[in-house]
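Working notes, beginning with the structure itself.
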Amino acid sequence: MSERIFHLAALADWEAACQAGAYEQSTVDRTLAEEGFIHCSFAAQVQATADRYLLGRDDVVALAIDVAAVSEILRVEDTSGRGEEYPHLYGPLPVDAVLRADPVPLRGDGRLDLAPVLVPDEG
């Protein structure tokens, strides 16, 4: 498994989580309590997820999550029945498990420009 997984959050939700110490949104329009888990993606899945659900949104922050910090609540599974497995967090995401929170710019065609966000950290 990758060292990082990703979650695309609305900026206001992420800012609220920073104040509270934990993030509890499943998607931009549903909470962890409503959905039962927090939707995440592997790096290769993030752009397709953004294209499917967040086209035209200019308030998105990409959260790069440390897999080791969330291993107790992380499951990789196919909950949609489409044959593709995604990482899901079955509990609140601690703010300190987020390695980076990058605002994602909108391209001219309305798609999120995730390429800069998905570049591995140097170090």
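The analysis underlying the following values was restricted to heavy atoms, covering all of them including side chains, and did not include hydrogens, waters or symmetry mates. The residues of the chain are indexed from 1 along the displayed sequence.
Tyr86 and Glu84 are linked by a side-chain donor-acceptor pair at a separation below 3.5 angstrom, with hydrogens and angles left out of the test. Between the side chains of His39 and Tyr53, not a single donor N or O lies within less than 3.5 Å of an accepting N or O.
Remark: Asp96 engages Pro94 in a side-chain contact (heavy atoms from CB on, under 4.5 Å) (not counting sequence neighbours). For the salt bridge (charged side-chain N to carboxylate O under 4.0 Å, His left out) test, residues two or more places apart in sequence or in another chain that qualify with Glu35 are Arg30.
Tyr90 and His88 have perpendicular rings, their planes meeting at more than 60° on a 0 to 90° scale where under 30° would count as parallel.
Here salt bridge (Lys or Arg N to Asp or Glu O under 4.0 Å) pairs that include residues 8-22, with residues two or more places apart or in two chains, number zero. Within the structure, no pair that satisfies the side-chain hydrogen bond (donor to acceptor under 3.5 Å, both in side chains) test touches residues 63-75, not counting sequence neighbours.
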Give the table of side-chain donor-acceptor pairs shorter than 3.5 Å for residues 101-112, with sequence neighbours excluded, one pair per line with atom names and distance.
unit_1, atom_1, unit_2, atom_2, d
Asp102, OD1, Arg100, NH2, 3.3
Asp102, OD2, Arg100, NE, 3.0
Asp102, OD2, Arg100, NH2, 2.8
Arg107, NH2, Asp109, OD2, 3.1
Asp109, OD1, Arg111, N, 3.0
Arg111, NE, Asp51, OD1, 3.0
Arg111, NE, Asp51, OD2, 3.0
Arg111, NH2, Asp51, OD2, 2.7

Table please: side-chain donor-acceptor pairs of residues 55-65 below 3.5 Å, with sequence neighbours left out.
unit_1, atom_1, unit_2, atom_2, d
Arg57, NE, Asp59, OD1, 3.0
Arg57, NH2, Asp59, OD1, 3.2
Arg57, NH2, Asp59, OD2, 2.8

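Without hydrogens or angle criteria, Gln47 side chain to Ala115 main chain gives no donor-acceptor distance under 3.5 Å.
Residues Val76 and Val70 fall within the same hydrophobic cluster, defined by Ile, Leu, Val, Met, Phe, Trp and Tyr side chains chained together at heavy-atom separations under 4.5 Å. Both Leu93 and Phe42 sit in one connected hydrophobic cluster of ILVMFWY residues. Membership requires side-chain heavy atoms under 4.5 Å apart, directly or through other members.
In plain terms, the two heavy atoms of Pro87 and Leu74 that are nearest each other are CB-CD1, 3.7 Å. Residues Leu32 and Pro92 share a closest heavy-atom pair of CD2-N, 3.5 Å. Looking at every heavy atom in both residues, Leu118 comes nearest to Ala43 through CD1-O, 3.8 Å. Residue Val46 comes nearest to Leu114 through the heavy atom pair CG1-CD1, 3.5 Å, listed as atom of the first residue, atom of the second, then distance. Smallest separation of non-hydrogen atoms from Ala22 and Val95: N-CG2, 3.6 Å.
Residues Val98 and Tyr23 have side chains not in contact (no heavy-atom distance under 4.5 Å, counting atoms from C-beta outward).
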